[in-house]
There are 2 protein chains.
Amino acid sequence: MGQRAFKDRLYGELAAIGKALANGHRLELLDLLAQGDRSVEDLAREAALSVANASAHLQVLRRARLVDADKRGLHVIYRLAAPGVFDLWRRLRDLGGVRLAEIERLVATYLGDREALEAVDKDELRRRLGEGRVAVVDVRPVVEYRQGHILGARSVPLAELERRLAELPRDREIVAYCRGPYCVFADEAVRLLRQHGFRARRLTDGFPEWRAAGYPIASGALAS
Amino acid sequence: MGQRAFKDRLYGELAAIGKALANGHRLELLDLLAQGDRSVEDLAREAALSVANASAHLQVLRRARLVDADKRGLHVIYRLAAPGVFDLWRRLRDLGGVRLAEIERLVATYLGDREALEAVDKDELRRRLGEGRVAVVDVRPVVEYRQGHILGARSVPLAELERRLAELPRDREIVAYCRGPYCVFADEAVRLLRQHGFRARRLTDGFPEWRAAGYPIASGALAS
DNA sequence: CCCATGATCAATTACTCTATTGAATAGTAT
DNA sequence: ATACTATTCAATAGAGTAATTGATCATGGG
């Protein structure tokens, strides 16, 4: 094998990973899996795909070794194959956010004025958490909270937020977080909370970024 | 626009970056550009592509905002659009190296026993550079050396190495480096040097990784 | 001003995948 | 047995891909 053949094959093999990243549904599946391990039908529902189609996309990701799966009972539970997979996805996402004008336009159109939400970044949140001056609310679905959440956060899924307002403090600022910078849950939570007179802001990042930063997390239990 | 439409479009736009990464030639072009800015014909020659084809691939990368270009005289000089692009490529490459069995096999077949080369990692090299106990040789083409190299490294392109052996010290260990972990230049340089009685090892990484680590670099001048 | 040069473009060829659906199948728990 | 989940298969419809060739367009030197 000549040097050229070696290079062609090497880069060609690496392009298999690129191919796995070359479809929006697959990126959404990676984003979901960054929140925690999930079954196929669960993922299919969240991503609005048929089970057969979701399964096919997951096979593509699996062949590229970006995800792995285990059979647990009737369900096949998928997970990111390594922490580095989230880092890869995050870098792609962040490059897109910074450099693709189309995304900026899209976010401005759909998410409206995010400036008003006065996002807190994770370093600031961590500092203020230590001082006990802030209440943190995880507005993702409970299943994601259970698999991992910011230490000290309370689970109040967006869908339940309105009828559980009484649980939340009015004497402290509330910081809501969700899946990541493009996730809409926290935005909507903050708007709802403010309408009801709470002081609320959103976390810039989501849980996966918090975990990747090595900041304190917890899992399993259901409250605080 | 509903939430689903927003998600579909958001992930769809991000997939444009994935699509740009979904071809081996384009990954090779990114790898080359990580060494320094290059003209189209230069890139085409290095990657063994026709100029028209290289140009087309570069447009794909440009549309994904991974590279940018400026016209300088007759030439169009391409460059990585941001440092984050190298990070993205590196992460993809490293994931592939660790997780794709096919790549492991390929490297073992073509590069043979790399263990024997006793690679030095960049932290160790940096330590020993400070102590002056090691001579560093950049075996990439001169044009890449000129655009940036490890501070204190001497340029001896692999093609000229054999007839310039007299320039190299016999009383110190020599560390050769090139473009990155899958680049063959340094491997061949070390083998050649050892055949001629030098003490030589290769750097695990290449220049782009050294620079990304924030370690001392230089550019322009042609020696030392 | 003209011409050589470098890069892009347009048109063409020749495919190779691609995503998706619906039905069949395999595996598993009760 | 049977209800359930996931994968596989077959079929469809379509989109997109990479590459080549020759024309075209800028640019700078003579």
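Nothing here was measured: the structure is a model prediction, and the numbers come from that model.
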Check: Relative to the ring of B/His25, is the ring of B/His57 parallel (under 30°), tilted (30 to 60°) or perpendicular (over 60°)?
Finding: tilted
Notebook entry, point to check: For D/dT17, does either OP1 or OP2 sit under 4.0 Å from a side-chain N or O belonging to B/Asn23?
Noted result: no
Notebook entry, point to check: Is B/Arg9 atom CZ crowded by more than 12 heavy atoms from other residues, nucleotides or ligands, each under 6.0 Å away?
Noted result: no
Checklist line | Side-chain donor/acceptor of A/Ser55 to backbone N/O of A/Val51, under 3.5 Å | finding: no
Notebook entry, point to check: Rounded to whole angstrom units, what separation is found between the CG atom of B/Leu27 and the C1' atom of D/dA18?
Noted result: 15 Å
Next item on the list: Check ring pair (Phe, Tyr, Trp, His ring centres under 6.0 Å) between B/Phe86 and all other residues, then give those that pass, not counting sequence neighbours.
Entry: none
Checklist line | Residue pair B/Tyr78 / B/Asp68, side-chain donor-acceptor N/O under 3.5 Å | finding: no
Notebook entry, point to check: Between atom CD in A/Glu41 and atom P in D/dA3, what is the gap in whole Å?
Noted result: 17 Å
Note to self: Near DNA chain D, counting only heavy atoms under 4.0 Å, which residues of residues 42-78 of chain B show up?
What the structure shows: B/Ser50, B/Ala52, B/Asn53, B/His57, B/Lys71, B/Gly73, B/Leu74
